[in-house]
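Data block below; observations after.
One is the number of the first residue; the rest follow in order along the sequence. Treat the numbers as computed from the prediction; the structure is a model and nothing was measured.
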Amino acid sequence: MPEQAWKTAITKIEPNKVAVRGYPIDQLMGRISFGEMVYLILKGELPSPQIGKLMDAILVSSVDHGATPPSALAARTVASGGAPLTTAIAGGIMTINEYHGGAIEGCMKVLKELVAYKQEKGSDALTAAREKMAEFRAQKIRVPGYGHRVHTDDPRTKRLFALTEEMGVAGEYIEMAGALGQAMAESLGRELPMNVDGGVAAVLCELGFPPELGNGFFAISRTVGLTAQVYEEQTRERPMRKISPTAHEYDGPAERDLGSRE
């Protein structure tokens with residue numbers, strides 16, 4: 001008896017043809033951006049140009065955050081031991097979890113819970129956020145996506161939300177993200193800025209992505225930065241060195257203005 005075929009709806013491969021979600025990949029090349037391609041392969045349909053631009057912004061926002069995050073330190077450490085590029089990158093990717101990059105999935109779940117609660121109660125966003133924040137405090141639940149060890153006003157989140165408004169995508173989840181931040185400040189007696197993980201989470205909720213895909217966006221984006229971190233380690237540093245997370249200096253280009261690229 002022949003083995004029953006299993007199904008996949010992502011990519012069809014035939015001699016001299018590769019079709020992703022039904023689109024020949026050679027027709028997509030040079031015509032859509034990487035962000036649009038990510039949307040297509042994950043959602044099954046091409047986004048509008050506006051959503052495509054927002055997808056690009058999401059992927060750019062998390063490309064790199066210096067040499068101190070666990071993923072960069074891990075990737076550099078693996079590279080320092082003599083591992084090849086892809087092995088070192090994989091070492092960095094494996095650190096993406098609950099406390100590093102994993103806040104996207106967690107924050108998406110919280111925002112979806114709060115918006116559902118708001119709709120069920122028929123209340124406004126701030127009232128719903130205050131009530132749920134009281135529950136979180138009583139249960140000692142830490143809300144992911146808020147606070148940062150370096151930034152007090154994460155510029156990446158601000159830009160993502162500005163673009164979301166500009167593209168006409170901002171809705172209940174962006175509103176709830178702000179309301180939850182206010183409720184948290186009132187409850188804790190201090191402000192915790194929404195970090196880029198939280199910002200990405202809110203935008204992905206608006207775009208209809210499930211929380212289970214959230215951390216994948218961070219991994220897709222951060223792979224680019226890890227490639228640069230590993231290559232720099234391999235070409236600038238000696239093998240088997242002691243890598244300090246704080247004892248390093250930046251010696252790249254001075255701050256530059258992007259200019260008119262629109």
Hits for ring-ring contact (aromatic ring centres under 6.0 Å, His included) against F209, two or more places apart or cross-chain, chain-then-number order -> Y39, F217
By side-chain contact (heavy atoms from CB on, under 4.5 Å), N195 pairs with (sequence neighbours left out) H148, D154, D197
Under a side-chain separation threshold of 4.5 Å, the hydrophobic residues clustered together with I243 are L73
inquiry  = Treating R222 as the side-chain partner and S62 as the backbone partner, does any N or O pair qualify as donor plus acceptor under 3.5 Å?
reply    = yes
### Task
Using modelled atom types only, decide if a donor and an acceptor are shared between the side chain of Q234 and the backbone of A79 within a distance under 3.5 Å.
no
_Could you check whether any side-chain heavy atom of D251 comes within less than 4.5 Å of a side-chain heavy atom of R236, counting everything from C-beta outward?_
yes
Only residue of K112, E131, K132 satisfying side chain to side chain donor-acceptor pair (under 3.5 Å) with Y117 is E131
Counting only pairs under 3.5 Å, give me each side-chain donor-acceptor contact of residues 89-104, with atom names and distances, residues two or more places apart or in other chains.
unit_1: T95; atom_1: OG1; unit_2: S71; atom_2: N; d: 3.2
unit_1: T95; atom_1: OG1; unit_2: G92; atom_2: O; d: 2.7
unit_1: H100; atom_1: NE2; unit_2: S71; atom_2: N; d: 3.4
unit_1: H100; atom_1: NE2; unit_2: S71; atom_2: OG; d: 2.8

* To do: In sequence, state the C-alpha distance, the side-chain angles, and the governing distance for I10 and R21, and then conclude on side chain to side chain contact (heavy atoms under 4.5 Å, CB included).
  => CA-CA 5 Å; I10 302 171; R21 300 295 191 184; 4.0 Å; yes
Residues passing the side-chain contact (heavy atoms from CB on, under 4.5 Å) test with V115, sequence neighbours excluded, are Q119, E172, Y173, M176
Are the side chains of Q50 and V169 in contact, using a 4.5 Å heavy-atom criterion?
no
### Message
Taking R76's backbone N and O only, do any of them form a donor-acceptor pair with S80's side chain (distance below 3.5 Å, no angle check)?
### Response
no
Show the numbers, then the answer: is there a side chain to side chain contact (heavy atoms under 4.5 Å, CB included) between L213 and M108? CA-CA 10 Å; L213 283 177; M108 288 180 75; over 6 Å; no
Handout entry: Q182 and E186: CA distance, side-chain angles, deciding distance, side-chain hydrogen bond (donor to acceptor under 3.5 Å, both in side chains) verdict
Key = CA-CA 6 Å; Q182 182 177 335; E186 293 171 357; 3.3 Å; yes
With sequence neighbours left out, the residues meeting side-chain contact (heavy atoms from CB on, under 4.5 Å) with Q27 are P24, R31
Do K109 and E105 meet the salt-bridge criterion of a basic N to acidic O distance under 4.0 Å? yes
